[in-house]
A.B. asks: 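Got a structure for you, questions after.
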Amino acid sequence: MTPSETKREPETFPADAVSRRALLKGAAAAGLGVAALGLGQTAQAADGPQQPEADTGHDYPMTLPHAKTGEDFFMGVIGPATLSVAASQIAVYKAAAAAAKQFANFELREAIAVTAIIKSLNIPAPPMSAEGKALLNKLETTPKGADFDKTYIAAELANHEFLRDLAETYLKNATGHAGAKETHGRHLATLALTAFKEHVVLTKNIAHALEA
């Protein structure tokens, strides 16, 4: 049976995930006019109650990120987001565990939205890395089952730990007066950071369940 013939399971999403997607899509449709969303003081907005499960873990192969500008942030996001689109397109059909399949569905939608927003700023996606190509090949060739789910979720956990650290370093460096484009970068990074942390927690929980 081809992917196009596969019967799709109904998708369910947490209410906060749905509202966040609507917010992202609205920001994109408005040309990133997220200042109207009331996200001023972005560096301070990143502070809040500590979430150890979201704030810890640096198990990724990429170099520790250190973004100083909005352009640094966008360029750091688009590569992992593009890889996540490709990986999740495979996982929506091949993931066996219900939680892994659900995650792949809403991660695919979110990664598509993020890459569309960044491309609208004329930030091109870089060529796929050798590591990224190897991951996609492994996902394509691994049969549906627990091994596939573990590979996909481990990759998404690493991706989102990197993206979380990228957003946090940028927001720590993003201080002082900024022009309109840089302000948009700070606002989007603040919004994206909440999603990155949420996905760190989700993938950690799914990974633990798959090992049980």
A.B. asks: Please lay out, stage by stage, how Leu139 and Lys94 fare under the test side chain to side chain contact (heavy atoms under 4.5 Å, CB included).
C.D. replies: CA-CA 9 Å; Leu139 292 175; Lys94 292 184 70 175; 6.0 Å; no

A.B. asks: Flag the pair His199 / Glu110 as yes when at least one side-chain heavy-atom distance between them is below 4.5 Å, and no otherwise.
C.D. replies: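 Side-chain contact under 4.5 Å: yes.
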
A.B. asks: Which heavy atom in Ala99 sits nearest to a heavy atom in Ile206, and how many Å separate them?
C.D. replies: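 Heavy atoms of Ala99 and Ile206 come nearest at O-CD1, 3.6 Å.
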
A.B. asks: I need the Ile117 CD1 to Leu188 CG distance, nearest 0.5 Å.
C.D. replies: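 One gets 5.5 Å once the value is rounded to the nearest 0.5 Å.
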
A.B. asks: Taking all atoms of both residues into account, what is the closest heavy-atom pair of Leu157 and Val200, and its distance?
C.D. replies: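 In terms of heavy atoms, the two residues are closest at CD1-O, 3.8 Å.
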
A.B. asks: Considering only heavy atoms from C-beta outward, does the side chain of Lys204 approach that of Glu161 to under 4.5 Å?
C.D. replies: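 Result yes, sub-4.5 Å side-chain heavy-atom pair found.
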
A.B. asks: Check Ala97 against Leu210 and note the closest heavy-atom contact, atom names and distance.
C.D. replies: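 Looks like CB-CD2, 3.9 Å.
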
A.B. asks: I'd like to check Lys138 versus Tyr152 (side-chain heavy atoms, cut-off strictly below 4.5 Å). Are they in contact?
C.D. replies: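 Contact flag for Lys138/Tyr152 side chains = no.
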
A.B. asks: Hey, what do you get for CG (Leu64) to OG1 (Thr169), rounding to the nearest 0.5 Å?
C.D. replies: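 It comes to 7.5 Å.
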
A.B. asks: Does Met75, at its CE atom, have more than 12 non-hydrogen atoms belonging to other residues, nucleotides or ligands within less than 6.0 Å?
C.D. replies: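 No, not enclosed.
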
A.B. asks: Mind checking whether Thr151 and Leu135 have side chains closer than 4.5 Å, heavy atoms only?
C.D. replies: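 Yes, close enough: below the 4.5 Å cut-off.
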
A.B. asks: Report the distance from atom CZ of Phe73 to atom CG of Leu163, rounding to the nearest 0.5 Å.
C.D. replies: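 Here the interatomic distance stands at 7.5 Å.
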
A.B. asks: So Ile153 and Phe148, side chain to side chain contact (heavy atoms under 4.5 Å, CB included) or not? Walk me through it.
C.D. replies: CA-CA 9 Å; Ile153 292 298; Phe148 176 90; over 6 Å; no

A.B. asks: Could you check if a side-chain atom of Glu156 sits within less than 4.5 angstrom of a side-chain atom of Ser88, using non-hydrogen atoms only?
C.D. replies: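 Answer yes - side chains close enough.
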
A.B. asks: How many angstroms lie between atom NZ of Lys150 and atom CD of Glu211, to the nearest 0.5 angstrom?
C.D. replies: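 Reported value, rounded in 0.5 Å steps: 4.0 Å.
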
A.B. asks: Side chains of Phe74 and Leu121: does their closest heavy-atom pair fall under 4.5 Å?
C.D. replies: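 In contact.
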
A.B. asks: Tell me, with the steps shown, if Glu168 and Arg164 meet side chain to side chain contact (heavy atoms under 4.5 Å, CB included).
C.D. replies: CA-CA 6 Å; Glu168 286 186 333; Arg164 173 205 61 202; 4.1 Å; yes

A.B. asks: How far apart are the closest heavy atoms of Phe162 and Gly76, and which atoms are they?
C.D. replies: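 Shortest heavy-atom contact: CE2-O, 3.7 Å.
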
A.B. asks: Please find the pair of heavy atoms, one from Ile112 and one from Thr115, that lie closest to each other, and give the distance.
C.D. replies: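 Looking at all heavy atoms of both residues, the closest pair is O-OG1, 3.0 Å.
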
A.B. asks: How about Lys133: does its NZ atom have over 12 heavy atoms from other parts shown lying under 6.0 Å from it?
C.D. replies: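 12 or below, so no.
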
A.B. asks: Can you find a heavy atom in the side chain of Leu83 that is under 4.5 Å from one in the side chain of Leu136?
C.D. replies: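 Leu83 reaches Leu136 side chain to side chain.
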
A.B. asks: Go through the steps to decide whether Val92 and Lys101 satisfy the test side chain to side chain contact (heavy atoms under 4.5 Å, CB included), and finish with yes or no.
C.D. replies: CA-CA 6 Å; Val92 292; Lys101 182 180 286 290; 5.8 Å; no

A.B. asks: Can you check whether Lys68 reaches Tyr170 side chain to side chain, under 4.5 Å on heavy atoms?
C.D. replies: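 Lys68 vs Tyr170: side chains apart.
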
A.B. asks: For the atom pair CG (Asn173) and CZ (Arg186), what is the distance rounded to the nearest 0.5 Å?
C.D. replies: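 It is 10.0 Å, given to the nearest 0.5 Å.
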
A.B. asks: Give the minimum heavy-atom separation between Thr82 and Ile78, together with the two atoms involved.
C.D. replies: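 The answer is OG1-O, 2.7 Å.
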
A.B. asks: Can you check side-chain hydrogen bond (donor to acceptor under 3.5 Å, both in side chains) on Glu107 and Ser84, steps first, answer last?
C.D. replies: CA-CA 8 Å; Glu107 171 59 24; Ser84 193; 2.6 Å; yes

